[in-house]
J.: 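Below is a structure I'd like to ask you about.
Just so it is clear, the model here is predicted, and its values are computed rather than measured. Here is the naming used below: chain letters follow the sequence lines, and residue numbers restart at 1 for every chain.
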Amino acid sequence: MFDPATLEMIGKGFLESLYMTLVSSALAYLIGLPLGIVLVVTDKDGLKPAPGVNSVLGVIINLLRSMPFLILCITVIPLTRLITGTSLGPTATIVPLVIGAAPFIARMVESSLKEVDKGVVEAAQSMGASPFEIIWKVLLPEARPSLILGAAISVTTILGYSAMTGFVGGGGLGDIAIRYGYYRYQTGIMLVTVALLVIIVQVLQEIGIRLARLGDKRK
Amino acid sequence: MGTGTPLIQIRGLSKVFSTESGDVNVLEDIDLDIKEGEIFGIIGMSGAGKSTLVRCLNFLEKPTKGTVYFDNQDLSALSQKELYKVRQSMGMIFQQFNLLMQRNVLKNVCFPLEIAGVRKNEAETRALELLEMVDLSDKARAYPSQLSGGQKQRVAIARALANNPKVILCDEATSALDPATTKGILALLKDINKRLGITIVIITHEMSVVEEICQRVAIIDSRHIAEVGYVQEIFTRPTTEAARRLVFPEGERVDHFTSSRCCRIVFDGSSSFEPVIANMVLEFRQTVNIIFADTRNIDGRAFGQIIIQLPDDKLTGEKMMAYLRSRGLTVEEVNDFV
């Protein structure tokens, strides 16, 4: 159906998409996870209430989240160039992906941690646990299943974003779908790339659900 | 035991919660001593402030005014770090058990030891010992979700004992359990108190719990301590309204008599010693409230007086007095006796 060159291109796009998604997810978690923890800890019912920090951080996160992703991609081009030396290709795309996904992840982490029973936190406090110990030994482990499910949602969302960056030369499957499927009316290529994206989402989501279930001792 | 300075001294403690709709006084000017080695109950209706009070004992809630001395240390004078350290010698158990759901039983008991910096091997050995004490050795590898309520509370007790605390604070620890399980948990606490000499503070709204296990009790009613004393004494002579409400939880019989209409029956020896009040109640099928009685049987004649509170219904009251007069008794109405 496709000539070898097309197949190779799709294969390369597939790997690029995975690369962008996984690297961006990892980096976005590096930023989003601590931010999510800060949101929970500084909440008015948190371990160290700090209304000022909490609301400033909340506003910044909301601002970033309300910005349309493509606009964000274009806005951060100077920063992207500064970091990666280019604004095109999968590696360059990682910059806006991380900036776009980190606030989203912060909110996902926040909601997972808030699910942890307040009574358990209180029990840990009654034993003389410090806030750091409570975060590390109570909040994160107790929220683990929910955090994993959240991660599955976040990673698949980042995959969706990465496909969108095809419009601004981001590389990956989305780029192929737009260049060949949309601009050149090659419906076959577009369908294949979309099908591959669907499969990646399905697989990632399923892995997330299974990991969450496996680690959950609440049953 | 019971001598020297009390283990816990609460001095002039007040707690105000600031909410959006203004300040709420939860506790006002509480003074209380809890002695070493005793089982002390704090009882009150829900909303009386008892849960806040127990959280003030380990400074999970910081008092707005006043302070708590634990083992001769002023808790309000401690740094945060020192406070963490002190809390390690105060175990606490909760109504909802509050176990870590993602850790097995053994790791739950190890948790306070981890916080205290005990090495892993030592912690596990100690945890197994404790699980044996609470009769749950076979559940060491189980997860809390696989346990019954009573078993969860036993794990929580083992966890509370891990760091050899001086006191165990129990916040409605049996309120989520059925009566049989409650008895088991209370027996375990009693045993711990006896064998290890650990002071136990029990917060509850159930008089039966206090009866079962406590030596002394404080009754807390709308922000204040209404009464403190030995359980026996408060049971037999509740002097405050709050105590009475808890000792007679039904209270309906008493509330029924809203009138202040009483009558005083004088036995001057002219009537024979017969159960005159009981007969009258049977006759009218209406209860009366005996407020005071002091009668003697001297050679088959009755001497002394009884004060009864008459039913609300005025007509029945009149009839009762007439009935008593017809039995040769002197009857007079006394108002505002209650």
Side-chain angles (χ1 to χ4, degrees), chain A residues 37 40-52 54-55 109 111-151 208-219, chain B residues 18-20 51 54-55 57-61 78 80-105 107-117 141-146 155-156 159-163 165 167-172 176:
Chain A
I37 293 171
V40 173
V41 172
T42 59
D43 186 71
K44 66 178 188 317
D45 302 319
L47 293 168
K48 288 264 168 204
N54 191 275
S55 49
V109 169
S111 82
S112 291
L113 296 185
K114 278 193 172 167
E115 283 169 27
V116 175
D117 188 356
K118 290 257 186 303
V120 180
V121 174
E122 193 180 37
Q125 286 175 315
S126 78
M127 294 170 207
S130 67
F132 179 77
E133 284 169 319
I134 290 172
I135 293 165
W136 198 240
K137 288 177 182 284
V138 179
L139 288 181
L140 291 173
E142 289 290 299
R144 190 179 54 214
S146 172
L147 286 169
I148 293 173
L149 278 181
I209 289 171
R210 288 194 183 194
L211 277 179
R213 206 183 292 148
L214 200 72
D216 192 356
K217 307 300 182 188
R218 286 172 298 181
K219 286 191 188 90
Chain B
S18 308
T19 66
E20 275 154 35
S51 278
V54 74
R55 279 163 180 72
L57 294 185
N58 57 5
F59 265 49
L60 282 180
E61 294 287 358
L78 297 181
Q80 200 63 37
K81 268 226 172 74
E82 290 168 322
L83 189 59
Y84 295 150
K85 193 84 196 143
V86 167
R87 281 184 187 155
Q88 290 174 10
S89 51
M90 307 170 101
M92 188 166 184
I93 61 173
F94 304 85
Q95 179 173 8
Q96 295 303 333
F97 324 122
N98 295 349
L99 300 176
L100 294 151
M101 300 304 280
Q102 306 291 353
R103 282 184 176 223
N104 67 24
V105 166
K107 293 284 175 197
N108 260 287
V109 181
C110 285
F111 184 61
L113 296 164
E114 275 174 38
I115 289 166
R141 306 283 162 192
Y143 284 89
S145 61
Q146 298 162 325
V155 176
R159 185 174 71 172
L161 288 171
N163 283 319
V167 62
I168 294 188
L169 310 171
C170 309
D171 182 24
E172 298 276 8

J.: Taking every non-hydrogen pair under 4.5 Å, which of A/E122, A/E142, A/R218 racks up the most with chain B?
T.: A/E142
J.: Do A/S146 and A/E115 have side chains that get closer than 4.5 Å, going by heavy atoms?
T.: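 Contact flag for A/S146/A/E115 side chains = yes.
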J.: With chain A, which of B/Q146, B/M90, B/Q88 has the greatest number of heavy-atom pairs at distances under 4.5 Å?
T.: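 Option with the top pair count is B/Q88.
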J.: Does B/N163 reach the main-chain N or O of B/P165 with its side chain, forming a donor-acceptor pair under 3.5 Å?
T.: no
J.: Between B/S145, B/A162, B/A116, B/G91, which has the largest tally of heavy atom pairs under 4.5 Å with chain A?
T.: B/S145
J.: With a 4.0 Å cut-off, would you call B/E114 and B/R103 a salt bridge?
T.: yes
J.: Identify which of B/K81, B/Q80, B/R55 forms the greatest number of heavy-atom pairs closer than 4.5 Å to chain A.
T.: B/R55
J.: Is any side-chain heavy atom of A/V120 closer than 4.5 Å to a side-chain heavy atom of B/Q96?
T.: no
J.: Do B/L60 and B/M92 come within less than 4.5 Å of each other through their side chains, counting heavy atoms only?
T.: yes
J.: Heavy-atom distance under 4.5 Å to chain A: side chain of B/M101, backbone, both or neither?
T.: both
J.: Identify which part of B/Q95 has an atom lying under 4.5 Å from any heavy atom of chain A, answering side chain, backbone, both or neither.
T.: neither
J.: What residue, out of B/L100, B/N58, B/L99, B/L169, has the most heavy-atom pairs lying under 4.5 Å from chain A?
T.: B/L100
J.: Any idea which of A/G215, A/P141, A/G119 has the most non-hydrogen atom pairs under 4.5 angstrom with chain B?
T.: A/G119
J.: If we only count heavy atoms from C-beta on, is the B/Q102 to B/Y143 side-chain gap below 4.5 Å?
T.: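 No - every pair of side-chain heavy atoms lies 4.5 Å or more apart.
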J.: Would the distance check show the side chain of B/N98 and the main-chain N or O of B/F94 forming a donor-acceptor pair, the cut-off being under 3.5 Å?
T.: no
J.: Give, as side chain, backbone, both or neither, the part of A/E133 having an atom under 4.5 angstrom from any heavy atom of chain B.
T.: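 Just the side chain, heavy atoms under 4.5 Å.
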